[in-house]
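All remarks here apply to the structure that follows.
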Amino acid sequence: MKRIAVLTSGGDAPGMNAAVRAVVRSGTAAGLEVLGVRDGFAGLIGGQLMRLGPREVGGIIERGGTFLGTSRCEDLKTLAGQDAAHAQLRAAAIDGLVVIGGNGSQKGSWALAQRGVQLVGVASTIDNDVFGAEPSIGATTALDTALEAIDRLRVTASAHRRAFVVEVMGRDSGYLALMAGIAGGAEAIVLPEEPTDAEQLAGEIRRSYARGKSHAIVVVAEGARYNADGCARYFREHAARLGFELRITRLGHIQRGGAPCAFDRLIATRLGAAASDCLRRGEVGILLGSMQGAVAATPLAAVTGSTKTFDTQLYRLARTLAE
Ligand code: F6P
């Protein structure tokens with residue numbers, strides 16, 4: 001292996017830059033030539049490549065987002081798109097590819113690996129829903145961002161004795177909602193993985209006040225039926241009967257921006273360096289994720305064929321602690 005490339009794909013996550021930096025610097029230190037691909041798989045299909053040396057990745061470890069750019073690439077889901085990506089790699093004499101991204105991106109990785117591309121995936125998404133990573137790059141920073149907002153909202157909620165719904169990201173995954181809910185001391189947590197009854201939710205809020213609390217904070221995941229919109233609709237329609245109003249805050253993409261925390265910079269650095277090492281050793285068709293403080297490799301076939309299990313015990317604990 002002489003020449004490798006690295007790209008970031010899907011939703012950006014704080015720490016992606018640190019991972020690219022580590023791929024480039026450890027790759028060049030080992031004698032590899034490293035290219036960066038602009039704008040994820042879309043840029044690969046379009047042949048948008050640039051040479052990256054140690055100096056080109058200076059001053060980025062502390063920056064959120066991804067200096068390479070990223071995209072959600074519909075074309076890569078088609079055989080024609082995969083052919084085009086493969087052809088660009090061959091034309092540029094690229095022997096190995098590192099793909100830094102979440103679930104959707106690693107599906108693309110697996111499709112290319114099956115076509116013979118020597119590829120290593122690196123788990124990076126704020127959703128923390130990639131099988132083989134606990135946590136993925138970016139999830140811890142996003143959690144801290146959500147938590148800071150929840151702490152602030154609790155202050156104003158208490159001052160007015162109000163109930164607030166805070167929506168955090170997570171289309172299919174309740175990780176951020178569950179963790180932010182527990183760490184933020186929420187009175188209720190609503191997740192895509194657990195069915196929630198709106199009347200029961202209203203009951204929990206009412207009981208919080210009855211127990212002497214001065215506020216109620218409900219953390220909801222974007223992908224839950226009773227997310228910000230779902231709750232707003234239900235509680236507006238039934239406001240007179242339920243006896244209280246809800247204030248709604250959707251944190252949205254604020255959670256994706258911001259400088260990566262120390263933990264995300266460190267796991268990104270270890271995973272990026274390990275990715276270029278794996279390519280050199282010919283250990284390909286795998287996803288690298290941080291697991292219990294170490295770098296773990298999982299076959300991409302297993303990653304795309306598995307769903308991460310939801311921690312029901314932690315969910316039950318959250319309910320107990322809301323008392
Ligand atoms: O990257 C993951 C994620 O932030 C999800 O939590 C969210 O549902 C989605 O991306 C939003 O995607 P987009 O930025 O493309 O709107």
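Order of appearance sets the numbers: ligands from 1, and atoms from 1 within every ligand. All figures in this text were calculated on a predicted structure; none of them were measured in a lab. Reckoned from all heavy atoms, side chains included, excluding hydrogens, waters and symmetry mates.
At most 12 non-hydrogen atoms from other residues, nucleotides or ligands lie less than 6.0 angstrom from CD1 of Ile254.
Shortest contact from atom 6 (O) of ligand 1 to any protein heavy atom: Asp127 OD1, 2.6 Å. Scanning all protein heavy atoms for the shortest distance to atom 11 (C) of ligand 1 gives Arg256 NH1, 3.6 Å. Residue, atom and distance of the protein heavy atom nearest to atom 15 (O) of ligand 1 are Arg72 NE, 2.8 Å.
Looking only at side-chain heavy atoms (C-beta outward), Glu134 and Tyr175 come within less than 4.5 Å of each other. Leu44 is listed as a side-chain neighbour of Leu97, based on a closest heavy-atom distance under 4.5 Å.
Each of the atoms 1 (O) of ligand 1 lies under 4.0 Å from some heavy atom of Gly11. If you number the atoms of ligand 1 from 1 as listed, the ones under 4.0 Å from a heavy atom of Met169 come out as 4 (O), 6 (O).
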Kindly indicate, with the supporting measurements, whether the criterion side-chain hydrogen bond (donor to acceptor under 3.5 Å, both in side chains) is fulfilled by Ser9 and Thr70. CA-CA 5 Å; Ser9 169; Thr70 184; 5.0 Å; no
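For the pair Gly170 and ligand 1, the shortest N or O to N or O distance falls below 3.5 Å. Taking any N or O of His253, backbone or side chain, at least one lies under 3.5 Å from an N or O belonging to ligand 1.
To the nearest 0.5 Å, the span separating CG on Asp129 from CD on Glu193 amounts to 9.0 Å.
Thr140 pairs by the side chain to side chain contact (heavy atoms under 4.5 Å, CB included) definition with Pro135, Cys261, Phe263, Asp264, not counting sequence neighbours.
Heavy atoms of Glu222 found under 4.0 angstrom from ligand 1 belong exclusively to the side chain.
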